[in-house]
Structure formats: structure tokens, C-alpha cells
Amino acid sequence: MTGRSAKKPTADASDWRGSFPALHQEINGHPLVYLDSAASSQQPAAVIAAVQTYQECSHANVHRGVHTLSHRATEAYESARDRIADFINASNRTEIVFTSGTTDSINLVAQSFCRPTLKPGDRIVISHLEHHSNIVPWQMLCEQTGAELVVASIDESGQVDVSEITDLLDERVKLFALAHVSNALGTVLPVKEIIGIAKTRGIPVLLDGAQAVPHLPVDVQDLDCDFYTFSGHKMFGPTGTGVLFGRESLLEAMPPYQGGGDMILEVSFEGTTYNDLPYKFEAGTPNIAGFVGLGAAVKYLQCIGMQRICQHEKELLEYMTMQLSEIQDIRLIGTAANKASVQSFMLADIHPHDVGTILDHQGVAIRTGHHCAMPVMEYFGIPGTARASLALYNTRDDVDALVAALHAAHKIFS
Amino acid sequence: MTGRSAKKPTADASDWRGSFPALHQEINGHPLVYLDSAASSQQPAAVIAAVQTYQECSHANVHRGVHTLSHRATEAYESARDRIADFINASNRTEIVFTSGTTDSINLVAQSFCRPTLKPGDRIVISHLEHHSNIVPWQMLCEQTGAELVVASIDESGQVDVSEITDLLDERVKLFALAHVSNALGTVLPVKEIIGIAKTRGIPVLLDGAQAVPHLPVDVQDLDCDFYTFSGHKMFGPTGTGVLFGRESLLEAMPPYQGGGDMILEVSFEGTTYNDLPYKFEAGTPNIAGFVGLGAAVKYLQCIGMQRICQHEKELLEYMTMQLSEIQDIRLIGTAANKASVQSFMLADIHPHDVGTILDHQGVAIRTGHHCAMPVMEYFGIPGTARASLALYNTRDDVDALVAALHAAHKIFS
Amino acid sequence: MNTQSQSTDDLRDLYRELILDHARSPRHFGKLESTSHQAEGINPLCGDKLRLYLKIDADQTISAVNFEGSGCAISVASASLLTETINGLSTERALDYYANVVYLLTGVDAANPEIRLDLGKLKALEGVREFPSRVKCATLAWHALHSAINNTNDTVSTE
Amino acid sequence: MNTQSQSTDDLRDLYRELILDHARSPRHFGKLESTSHQAEGINPLCGDKLRLYLKIDADQTISAVNFEGSGCAISVASASLLTETINGLSTERALDYYANVVYLLTGVDAANPEIRLDLGKLKALEGVREFPSRVKCATLAWHALHSAINNTNDTVSTE
Ligand SMILES: Cc1ncc(COP(=O)(O)O)c(C=O)c1O
Ligand SMILES: Cc1ncc(COP(=O)(O)O)c(C=O)c1O
């Protein structure tokens, strides 16, 4: 693992790191070591500048104006859509709906795709390792419709069981909603295999890609999924931006989610005609500046190449896991064979929250707690974990700082 | 009107203008004259800088972290809530729900406040001058529930009729949703009087304040409204931000709108406990940077003072209306006694879209079309209007440039 | 002052006499009674709304064409010019004109393989190219034509 | 290195021996059987979850107090110190302690008029003030106490 190709990506990463202003500050007298990208990532200077320039030179409301600024704003906003369609290889830009985040995207599908036809006896299937954003919308939906929420189990490594899923996917199932990568455990799920099975039974599949898009090349046509959701703020773009990819034929048939400006062709009190895709699902003034920033973030990622990022992170995650596993009294949570970006752990009997504080005092930012995945914590019988998560800008130095800080924590509590 | 106090506010406004980078550019070889703030406003440098600094120094996910950046981000985000609560004089910060815009706020009320209990025979009342965002959510709701949408008429000046509304507000009405200021016509509605009447009959009132908050002092306790909605991007803040003010007792009783992270206390597959106000309504990672910017925008407004802004715009609107009315063949649309910020008009038989293009070519940015208020256009029997809208940064010079450009348009088409 | 007059030149190029004339007095305006094909075009953003009526004979000749609706000078003039151009043509040739106008206005080929026609009067629309926010006005009627001939009978929106 | 050791000092001030001792061996831990008042405290953000049980006699004396649940060292130690402090006190005096601890940790007066008590062992919590993100851990049990005495029987959340 420390072999031939380990050096090169690390060198790249320190170049990449230079583009992120937030990483070059001191926290509590120490250089910041940011290992919390799974919660939210930092932005490269190009994204910050794109938003600023947009505000200083091009802002106006989109779609509805003949004047120059409005035209500029519309071009900037819509070209972000083209870029994102290209990035995840959607077959058409009409399949890219802009939302405020993964949570918004999933709620849209629950309310607009499922709710109108769901009835008692129908089922929605999710897995035990989902983020609350891929649990609660379905619980609410089931309460509203009388349908049943069914949960596919996980094993001690934090992986789902494909054969159990195969059994669950019967004709009662109206949607299977699944994480592509688990935020609490880092597990990469065998989504292609699962989608293949669901397809043969005509069951639509939604993937929660919030933790996948920043780390892996994602190709929605290759995956053959029906819906794919992700958030801008986890992929080096602004908060308040998200994407719902939906297969055109499905989006076409869905009623709108919210009503308002821009999602209509004609409004009268006798009746209203809805707009074409994707605008039917984009009611109200969108987060224009945010999507301009997200477009810049995607451009940044495309310039480096997701394959390279993936390789760099893979090696770094292996290094981190190895270094962590050598710490005394550590228990790694999430040990699936195929993982990305994340390692959760418990240090001796120190509560994760205390670990987080002690690390922060040494400049090391990690997340502690349930990571919005309480059922995962319940499964492992723990109140929460400490979680270190990687992004393209992290290096082995970051991992070394993490390990040193954990030793200090151990000392304080012993 | 050109009397004693006219000079001072104009002088102020040119100072204020200096704070807005976007206004200091050339469009088609002419200095930009921005008269489209009703669609979306420009941002003062302080807002642009607040967002940038946040991204460079303080960004992390909110609410869920022990580390320093997460704490900073949470403080920045939550202090925007305090500032906004103060700005509109909410009695408690828990009454300030952050949304993605006015449209989102109104849809939230429709789905979460009304939908669970609305039934055939019930009524929602709106007026004829509403923005599509205050029409379509109610049409969708009525379709979902079998309730009836009832529309209070307007007169030739663009004002509602309080005595007609009084008659409409009977026991069948479950909500009255009304613009505070009309975006197409500029009419300031007699909302306090109307709310007084609705109160005596126990009918809750939602005000769409998108066009009021940037121009008038707004005090939700004084208005005594139940819900008040507005958008950040129309009040010099970022796109993708909005506010729903709701009376605490009503918000308390409402089920959540979206499910996800942050809006829960506990999630298990047996059942989920929702979080306290306002978090129950804020599922998913919010638009942190956006609300940091909105907080800075409100601070900017508070430093000048809404009373002063209101006075300046009032005088400028009078000046603009007078100057416009002297143009040959002009027809002013929206002539109510009490107006704010907006003047719509038709120039001879030139289509508004053509007027817009000709003005843009002289650097003057106005909006043309139906302004997302098609029923208003239908009422006046026109396909759309040309609309000039003012904000605090506009001056008499802007109005003079508008008038000169309109003369040029007249010439081209004659 | 220099830029001022230059900008006025651009405007004169957009609002040529021919355009203004067709906008003021649109040809073939009004509902067509015995119609075989029709389609509606909506530009939701400026409120342009046109309905195009075609009578297509068995041999695929367009023997009558009319339009009605309201719109800006550009969209009305473009529709009016359309009716003058395609009346009497085969549907195939009309679609060639469609492709050529879209190409003139956007630089994008709407047909494959492309055929280049002499556009005649339609060249008056070329000033629109300098006004990107108006291109959709000029193409509206043409998209409706495409939709009508292909019998989708749909509402076309140019958002 | 200077800052390094300074920062370690801060940490030692947070995790004082007394705190670590109470965290490891919480006093009055476990469910109380015959309880008259109880309340739950949840800190949703780090997963702390405590339930406080009180037995309040007719004369408003707290004759028994226990807690159970799980949490970080700070919240468990704070709860443990709470049980030691208020056992045997009148509810009124217990609420005075509540107000004083909240004031110690946040600088905000939770009672009016304020009464200043000698906090004794509870002073060990004062290191938390330097760790704003941990203040809610330290106040959690105290908010639950307030809620239990006021019989709201509610879940208190410190978000
Ligand atoms: C009166 C009024 N209501 C609602 C809206 C919708 O606001 P937004 O598009 O920011 O959701 C607008 C502006 O577009 C408006 O002017
Ligand atoms: C796997 C997963 N799904 C969904 C979400 C929710 O994303 P957001 O909060 O951006 O809506 C997150 C992150 O919080 C996540 O990690």
C-alpha cells in the first residue's frame, strides 16, 4: 500500500490543498487539520471567486428578463446545469433538477413520485445504514399513505446483504432507496448489482449519493438508477445547493412538488399549466449564486479528474485505517471491504464527544456523535462514534496529526 | 414633492449606492441603471465580503460538531436568526424558520399547516393580485384536499376592496393569504385593517412580504399576522435564502414539512421524535453561507434604518411616477394611493418586451412581462407590462435615464 | 456619444423597417377554419403566445397557413414572415426553412444533414443574433411549425 | 510548543481529576423506583441522553435523586455532581443551584432575582466555559432538573 504509486497522489494532494483558503489557518494555536469533509467540505478559491464575481458583475433574477444582467445570470445558472449533467453523465440536461440539498431531493421524490399513488400494503425499502435524510422522509410518507417501510439489515462490517435484499424486492415494493456510500461507516454499497436485481423486477431505485459524488466517478447511465441525489456543500460547492437526477420518463409523469414562479407555463384561476422539465420542479427564484459556485466546483473536480481523486483517497484511507488500527484500545467501526473516505472509531471508553474536544484543541477537526445515522449507532450498541473523513485535499500529514492527537487524548483519560 | 426634504434622501442614496459593486459597471457602453430590484436586488459589498470571509475562515456543518469551525459556523448561522427576529420584531427566535425563499415558505404553510386538516367545503382566500408563488401552492393544495380557492377582486387602481374581503371571510375560510405589497403593481395592501377583521373571525392570515421587507419597516407583532414570508435575494442578501415567520403556537402544532437531518431529536425504525422549533422545519444542511450573508444584509439595512429607506423611496417613486406620466402615449398600470417601489406601464402599442430590449441597450435594466402575476395581466387585458422598480440605491438620475431611454424607444417605433 | 449611436445602430438593425412593418401588419393573421395541423408556441418569460394553423394536403403541400396570438415585435414579425415563406411549399421544404432560420439565429443546426437555402426576406431576422435574450422570440413560431408538421399538436415552450 | 502545552493546560482544566472521577464512577446512578418527578435531557448533537429521577416529599424536600443514561464525561460528571449537590435540599434551593450553575457556565442568569451560592465541588465545572461547544453537555442535567421540578415531565433538548 505504501508502494509505488503512494508518493505521487500525496504530492498532488498538497498542490490541491493550496487551492483551499480555509485550510491555511490556525485553530487553537495549531495548523488546521480538517478531517470533517463528510459533514461539509471546504471550497477551493475558484468557487469562492466565482460566487463573488457573479455577485459583483452578473447578478439578476434568471429566466424572466430581457436585460443584460438577467441574461448573464441565466447563462451562468443554466451552464452549471450542463456541467453537472455532463459530470454525472445524465443523458439530458432536463434530468437535472436543482434543489437545496440531498434532503430536499429525497423529500421531492417521496412526495411527488411516491405519495400520489402509494397505498396501504405497498412498501418502501431502505437499508439500516441510511442517513436520517433517507429515513425520515419515508417514515413520514408511510404515515401519510399507510404504506410500510422495510429495512434491509447490515452486518458487523457495515455492509448490506445482497441476497436478503433480493428476497425483499417483491411486487409490493414501490421504491428502493439506498445510500451509494454510507456517511457513518464509509461503506461503498454494491449498488450496481442491487440495481440490476431491482430492474428485473421493475422496481425503481433511488440512490443517495451525498457521500459518493465527492469521492468516486459517478455515471448515472452506467449505474442505471432512476433517481440520484447529492449536495453541493459536500462536493466543494456552496451550501443550499443540491441535485436530483431523475430519469426523464419518471420526472415527466410526476406532478410538481412545490408551486410558484418559474414552474408554470400559464396561471389562471381556472387552471394552471406546468412548465417543462426541469423547471416544473424548480418553483421560485433558485439559489443562482449557489449553483454558479457549484458549477465552478464541478469544473475544479473535472480538471483534476475523479479517477485521480478516487485513487488518492483510496490510498490515504488505507493509510489512515492502518495507522488508526495500531492505536491501543481503538475499535474501528465500519470495516467493509469496499469503503470510501470515512473511518469511524471508538477510543477506549472515552466518549466520542470528549475525543472530539481534545482533538479540536490540537487543531484536528473531526465529527463525533451519531452522524445523523442513529440506527447505525443502535446496531453497534454505541451512542456515537468519532469519525475522521477525507477529501481530495487531505494528506498523510493530516493522518499523522490525527494519530498524535489521539495519543494525547488517551493520555488525558488514563 | 420636490420640496424641502427631497434633497437629503437623494444625497444619502448616492452614498448608499457606493456600497453596491454591481452598480458600478457599464452595460452596452452605458453606466448601468438598475431598475429591476423587485425581481432581485444587488448586494452591498458588506454582504459579499461576509459570505467570502465565512467561506475562507468559518465554514463547517452547523449544529452537529464539537470542533471550532463547526462552532463558528453555528454561531454565525444562528446569530443571523437573532438578527432577523429582531428586524421584524418577532417575539421569539423560535418563530423564525429559515427556508430557501418566499415560495418555499408558502409551500411549507400550505402543506404543513393546511393540508393535514383541510377538507372539501373548506376555503382558502387569496387576492387577484398575488404572485404565482401565492397562487399555485394553494391551487395544488385545493386539488389535493378538495377545498376551494376563492379570489378577492381588485379595482382599476390595483387595490383590493376591504368590504368585499369582509364578506368573504366566513367560517369556511381556513386561511387568508395575501401580499403585503404587490410585485406587479406596487400596491401596498391595507393588511393591518384586513388582519383586524380576520382576527375577529378567528381566521389565520399569511402575508407574502417579499416586496415589503426591502422597502418598509415590518413589525410582525404590530401587524398581528400569523405567518409572514419573505426572500433574502430581494432584500440585498443571497439567493437561496428565505424566511417563514410563524406564530409559535401554530408552528408548534404543525407537523414537519420535510424529513431529514437536524429536524429530529431521535430516529429509530420504531418511531422518530421531532426536534424543537425552529429546527423541526429545517431538515438537512441549511444554506449556511446564504444566511450569514442575509444576516449581513439585515445589519446593513438596520444601520441605515428602514424608516429612512422608506422615505427616500417614497419620494423617488413619486418623482418617477410624475416623470413617467408626462411621456406621450404612456399608460401607467397600478395607480393605487398607497404604493411602494414599483411602477408598471405600457408605452404606446410597443410590446413591453421590445421596450425592455431598447432600454437595455441604453444600460437601463427593467423587467418586462407578466411578472409572475398572470391574473393581474389578464385583469388589465394585457400580455404584460414594463416595470421599473426602485430600491434604496436608486436616485433621480436613474429615473431621468429611464425617461430618456423611453423617449428613444418611442422614436424607434414611430 | 460614440457608443450611444453605435448602440442605436444595433437597435436599428434589430428593428428593421421590414420587421416593424410585419409586426404592425402581420400577414395571414387570424384563425384558419379548416385546418389539418396546428400547434401553439409559448414564450412564458415574456408572454408571447402564438397559435399556428396549417392546412396540409394529401401530397404534403402546405396549402394554407395562418397564425394568431400576441407577442413582441420580433415574434410577431417572425411568425408573419414564416407564413409568407412557407405558404405553398412542401412540408419537407418548410422544415428546411425551419432548420435554416434556427441556424441563422442560433448557429445551431436543427437538421441533419443541413441544407442551405437562400432566406430572402427572412434575412431581416439576422439582427436578432446580437440580442441573445430575444432569439427565443424569433424562433418561437418556427418551433411551433416544426411541432405542427410533426403532428405533435403540442404546446411548445421556448424557455 | 508553548501553545501546545498551553492548550494541554486548558484541557487539564476541563478534564479535572474530579470530573474524570465522576465520569468514571457516577454517583446515584441507575433508575429510582419510587419516583415522584422525572425528566429526560437530550443533547441531540452528541447523543447525550440522561433521565433524572426525583423523589420530592410533601414538604418539597428532595429526599432522593438518581440518574441514568449515557453521555460524555462532562455531561455524566455534571449529572453526578448534581445528584450529590441537591440530595436533601428543598426544591427551591435546588433551583437556586440550577440558576447558579447555568450562570457559571454561560454567564446568563437563569433566575430572577439571582442568588449567589457557594458552589463547592461544582466549581470543577468552570473549565467548561472555555469550551463553548461543550457548555450544553454541562448544563444538560441541570435543565432536566428544572424541568422535573416544574413537573413538565418533558424531554429537554439543549440544541
Ligand atoms: C410578491 C412576491 N411573492 C413571492 C415571490 C417569490 O419569491 P421567490 O422567487 O424568492 O421565492 C416574489 C418574487 O419573485 C414576489 O414578488
Ligand atoms: C449519506 C447522506 N445522505 C444525506 C445527507 C443529507 O445531505 P444534506 O444535509 O446536504 O441535505 C448526508 C449529509 O448530511 C449524507 O451524508
Side-chain angles (χ1 to χ4, degrees), chain A residues 21-22 25 27 36 39-40 42-43 48 52 55-57 59-61 64-69 100-101 103-104 107 132-133 135-137 139-140 151 231 233 238-240 258-261 264 266-269 272 283-285 287-290 353 356-357 360 365 367-369 372 374-375 378, chain B residues 21-22 25 27 36 39-40 42-43 48 52 55-57 59-61 64-69 100-101 103-104 107 132-133 135-137 139-140 151 231 233 238-240 258-261 264 266-269 272 283-285 287-290 353 356-357 360 365 367-369 372 374-375 378:
Chain A
Q25 59 179 312
I27 297 290
D36 192 25
S40 197
Q42 300 298 340
Q43 293 182 4
I48 299 173
Q52 180 186 345
Q55 287 301 161
E56 290 181 354
C57 308
H59 175 61
N61 212 328
R64 304 179 213 148
V66 291
H67 64 77
T68 301
L69 290 183
S100 66
T103 303
D104 191 29
N107 279 276
H132 294 165
S133 291
I135 302 173
V136 186
Q139 291 183 322
M140 289 168 62
V151 183
S231 296
H233 72 97
T239 51
Q258 296 195 322
I264 55 91
E266 276 194 285
V267 172
S268 81
F269 296 125
T272 286
T285 303
N287 188 351
I288 313 168
H353 210 168
T357 294
D360 180 54
R367 185 111 332 200
T368 63
C372 291
M374 282 191 181
E378 197 197 26
Chain B
Q25 60 179 312
I27 297 289
D36 192 23
S40 198
Q42 300 298 339
Q43 293 182 3
I48 299 173
Q52 181 185 346
Q55 287 302 160
E56 290 181 354
C57 308
H59 175 61
N61 212 329
R64 304 178 214 150
V66 291
H67 64 77
T68 301
L69 290 183
S100 66
T103 302
D104 192 28
N107 279 277
H132 294 164
S133 290
I135 301 174
V136 186
Q139 291 182 321
M140 289 167 61
V151 182
S231 295
H233 72 97
T239 51
Q258 296 194 320
I264 54 92
E266 276 193 285
V267 171
S268 81
F269 296 125
T272 286
T285 304
N287 188 350
I288 313 169
H353 210 166
T357 294
D360 180 54
R367 185 110 331 201
T368 64
C372 291
M374 281 191 182
E378 197 196 29

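Keep in mind that what you see is a predicted model, and the values were worked out from it rather than measured. Order of the sequence lines sets the chain letters (A, B, ...), proteins ahead of strands, with each chain counted from 1. Heavy atoms only: backbone and side chains are in, while hydrogens, waters and symmetry mates are out.
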Leading residue by heavy atom contact count with chain B [cutoff under 4.5 Å; candidates [options]]:
| options | answer |
| --- | --- |
| A:Met374, A:Met140, A:Gln55, A:Arg367 | A:Arg367 |
| A:Gly356, A:Gly261, A:Ser231 | A:Gly261 |
| A:Ile135, A:Thr357, A:Thr272, A:Asn107 | A:Asn107 |
| A:Asp36, A:Asn61, A:Thr103 | A:Asn61 |

Check whether [X] gets within reach of chain B through its side chain, its backbone, both or neither, counting any heavy atom under 4.5 Å.
| X | answer |
| --- | --- |
| A:Gln258 | both |
| A:Glu56 | both |
| A:Leu69 | side chain |

Straight-line distance of A:Thr285 OG1 to B:His233 NE2, nearest 0.5 Å: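 Going from the OG1 atom of A:Thr285 to the NE2 atom of B:His233 covers 3.5 Å.
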
Looking at B:Pro137 and A:Gly260, what are the two nearest heavy atoms and their distance?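 Minimum heavy-atom contact is CD-N, 4.3 Å.
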
Pairing residues for A:His132 by the ring pair (Phe, Tyr, Trp, His ring centres under 6.0 Å) criterion, not counting sequence neighbours: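 Counting only residues at least two positions away or on another chain, A:His132 forms a ring pair (Phe, Tyr, Trp, His ring centres under 6.0 Å) with A:His370.
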
Less than 4.5 Å to any heavy atom of chain A: does that hold for the side chain of B:Ile288, its backbone, both, or neither?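 The answer is both parts of B:Ile288.
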
Examine whether an atom of B:Val151 lies under 4.5 Å from a heavy atom of chain A, and if so say whether it belongs to the side chain, the backbone or both; otherwise answer neither.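 Side chain of B:Val151 only, per the 4.5 Å heavy-atom cut-off to chain A.
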
Where the side chain of A:Glu378 meets the backbone of B:Val267, is there a donor-acceptor pair that is under 3.5 Å apart?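 No, the answer is negative, given that no donor and acceptor are paired below the 3.5 Å cut-off.
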
N/O donor-acceptor pair under 3.5 Å between A:Gln42 side chain and B:His59 backbone: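 Checked: pair present.
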
Restricting to salt bridge (charged side-chain N to carboxylate O under 4.0 Å, His left out), what partner residues turn up for B:Asp104, sequence neighbours left out?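 Counting only residues at least two positions away or on another chain, B:Asp104 forms no salt bridge (charged side-chain N to carboxylate O under 4.0 Å, His left out).
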
Based on non-hydrogen pairs under 4.5 Å, which of B:Gly284, B:Gly101, B:Gly259 is most in contact with chain A?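 The candidate making the most pairs under 4.5 Å is B:Gly259.
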
